[in-house]
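See structure below.
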There are 2 protein chains.
Amino acid sequence: MTKEASLQFHMSMGMLINSAHRSMTKRFVTNAMESGLDISLDQWMVLGPIWQLESASQKELGEMCLKDKISITRIIDALEKKNLVVRVPDQIDHRINRVVLTNAGKQLFYDVLPIMEKTREEVRKDIPEQDFEIFKNVLSTIIKNLDDG
Amino acid sequence: MTKEASLQFHMSMGMLINSAHRSMTKRFVTNAMESGLDISLDQWMVLGPIWQLESASQKELGEMCLKDKISITRIIDALEKKNLVVRVPDQIDHRINRVVLTNAGKQLFYDVLPIMEKTREEVRKDIPEQDFEIFKNVLSTIIKNLDDG
DNA sequence: AAATTATAGTTGCATTTGAAACTAAATAAA
DNA sequence: TTTATTTAGTTTCAAATGCAACTATAATTT
C-alpha cells in the first residue's frame, strides 16, 4: 500500500467510526434530555435486553450488548441507583444475578422508545435501506474479524 | 415503529458501532505494541494529518480528524511529551500553534504505516471493496446528518 | 470428601474523556 | 482609541473506562 492509501485509510475508517459513534451518543442523550429523560445510550443499550429477556443474567446481557462484564456491572449499578432495575440472586446458582426491570424501569423503557425512534430517524435520514443493511453487515463482519483474529 | 423494531435498532446501530470502534482501537494498539511501537489510534489519527499538512494549526487538525479542540490539545500534549511533534507559534497570528513533526515523529510515522496496513487488512478481511465503500459513505452521511440536525 | 479449576460478578486504581470556564490574542464596533 | 466580540487553545473538575486483582460460588478432579 502506498503511504497515501494508508493515510486515506486511517483518515476514513477509525476516524469515521469514532466520530459517528460520538455524534450518535451525544444526539441520543440530548434528545432524551429534551424530553426530560435522564439516560445514557449505554444504559439504554442494556435496558432493552433487560426488557426483552425479562430476567437476564449480567453475563447474558453482556453477550447481548457486546459489552464486557465490568461495563455491565457499572451500567447495572447506575440503573439500580436510579431504581430502574433490581438485581435478584439466582435461586439455583448463587453466583448469578438476575436483572429485572422495576415499574419505573418499564415506564422509562416505554418513554424512551420514541426518543430512540427519533434518534434513529435523524441518524438514518437520506440513507437508503439497502445501504444501511450493508452498513450493519460490514460492522458485524468487522467485529467478527477482530474477535477471532 | 413497533417496540420490536426500536429494540432491533438500538441493538444494532449503537451497539455495533460501539463494539467495532472498541475492537479496532484495541487491535491497532496491540499490533503497534507487538512491533514495539507505543502509539494509540487517536494519536495516529492526528499524526497522519500532521505529516500530510506539514505545519497544521490545531484547529485544522481538529477539522481534519473530526475531533474537538480539547481532544486535539491533549493528543498534541501526548505527542509532544514523546518528542514526536513540536508546537511552533504562528509568526503572524500568535493565537495559533503550528504543529510539526520532529525527526522522531517522522520516523514513527513511517514505522507505523505497516502496522496500519496490517490492522486495515485484519479489519477488512472478507469485506468486498464495494460494501466497504458503501459502509464509509453511510458513516459520512450519519456524521453529516447529526452535525446539522 | 478435599483440593483444584472455572465462572459470575465486584472493587480499586490509574488513565481517559467531556463540559464548562478560562486565558490570550485578534478583529470589529463604538 | 477604548470597548466588545470572536477565535485558538488550555485548564480544571467530574464522570467514564480499562485493567488487574479480588470475592464468592459452582463444577471437576483426585
Side-chain angles (χ1 to χ4, degrees), chain A residues 14 18-19 21-30 33 38-46 50 53 55-82 85-100, chain B residues 14-15 17-19 21-30 33 38-46 50 53 55-82 85-100:
Chain A
N18 201 317
S19 180
H21 173 238
R22 237 176 315 127
S23 302
M24 264 189 50
T25 304
K26 210 163 173 178
R27 177 61 62 95
F28 174 79
V29 172
T30 305
M33 275 204 322
D38 169 33
I39 187 166
S40 72
L41 183 54
D42 268 355
Q43 288 169 14
W44 170 252
M45 282 179 9
V46 177
I50 295 175
L53 300 179
S55 75
S57 71
Q58 295 188 198
K59 181 177 168 29
E60 287 164 346
L61 291 174
E63 283 161 1
M64 198 133 176
C65 306
L66 304 180
K67 284 182 179 304
D68 61 73
K69 57 186 183 173
I70 304 173
S71 305
I72 295 293
T73 293
R74 281 170 179 151
I75 292 168
I76 305 294
D77 282 351
L79 293 174
E80 204 168 41
K81 197 181 294 179
K82 291 198 248 175
V85 305
V86 283
R87 283 184 243 235
V88 183
D90 187 281
Q91 291 292 329
I92 295 168
D93 187 336
H94 296 335
R95 291 171 303 184
I96 295 173
N97 289 333
R98 298 275 156 209
V99 184
V100 297
Chain B
M15 189 180 83
I17 290 198
N18 202 318
S19 181
H21 173 238
R22 239 177 312 128
S23 303
M24 264 189 49
T25 304
K26 211 163 173 176
R27 176 61 62 95
F28 173 80
V29 172
T30 306
M33 275 204 323
D38 169 34
I39 186 166
S40 73
L41 183 54
D42 267 356
Q43 288 168 14
W44 170 253
M45 284 180 5
V46 177
I50 295 175
L53 299 180
S55 76
S57 71
Q58 296 188 197
K59 182 178 167 32
E60 287 163 346
L61 291 173
E63 282 160 3
M64 197 132 177
C65 306
L66 304 180
K67 285 183 179 304
D68 59 73
K69 58 186 183 173
I70 304 172
S71 306
I72 296 293
T73 292
R74 279 168 179 153
I75 292 168
I76 305 293
D77 281 352
L79 294 174
E80 204 170 39
K81 197 181 295 179
K82 293 198 248 176
V85 304
V86 284
R87 283 184 243 235
V88 183
D90 188 282
Q91 291 293 329
I92 295 167
D93 188 336
H94 296 334
R95 291 170 305 181
I96 294 175
N97 288 334
R98 298 275 156 208
V99 183
V100 298

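Chain letters run A, B, ... following the sequence lines, proteins first, then strands; residues in each count from 1.
At a threshold of 4.0 Å, the pair B:Glu60-B:Arg98 counts as salt-bridged, since one of the basic side-chain nitrogens sits closer than that to a carboxylate oxygen. A salt bridge is absent between A:Arg74 and A:Asp42: the closest approach of a Lys/Arg side-chain nitrogen to an acidic carboxylate oxygen does not fall below 4.0 angstrom.
The overall bend of the helix from C:dA1-D:dT30 to C:dA30-D:dT1, read as the angle between its terminal helix axes built from five base pairs each, is 10° when rounded to 10 degrees.
Side-chain to base pairing of B:Arg74 with C:dG18: one donor and one acceptor N or O lie within less than 3.5 Å of each other.
Remark: the backbone N or O of B:Lys69 is paired with a side-chain donor or acceptor of B:Thr73 at under 3.5 angstrom. Checked by atom type and distance alone, the side chain of A:Arg95 never pairs as donor or acceptor with a backbone atom of A:Asp90 at under 3.5 Å.
Put simply, A:Thr73 has a side-chain N or O that comes within less than 4.0 Å of OP1 or OP2 on C:dT10.
Comparing A:Ile70 and A:His94 by the nucleotide of DNA chain D that holds the closest heavy atom to each, the one mapping nearer the 5' end is A:Ile70. Residue order along DNA chain C, read from the 5' end via each residue's closest nucleotide, puts A:Glu60 first among A:Arg22 and A:Glu60. If you find the closest nucleotide of DNA chain D to B:Asp77 and to A:Ser71, the one lying nearer the 5' end belongs to B:Asp77.
Just one of A:Ile50, A:Asn97, A:Val86 meets the side-chain contact (heavy atoms from CB on, under 4.5 Å) condition when paired with A:Ile76; it is A:Ile50.
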Distances under 3.5 Å only, N/O to N/O: pair up the protein atoms with those of nucleotides 4-8 of chain C.
residue	atom	partner	partner atom	Å
C:dT7	O4'	A:Arg95	NH1	3.4
C:dT7	O2	A:Arg95	NH1	3.2

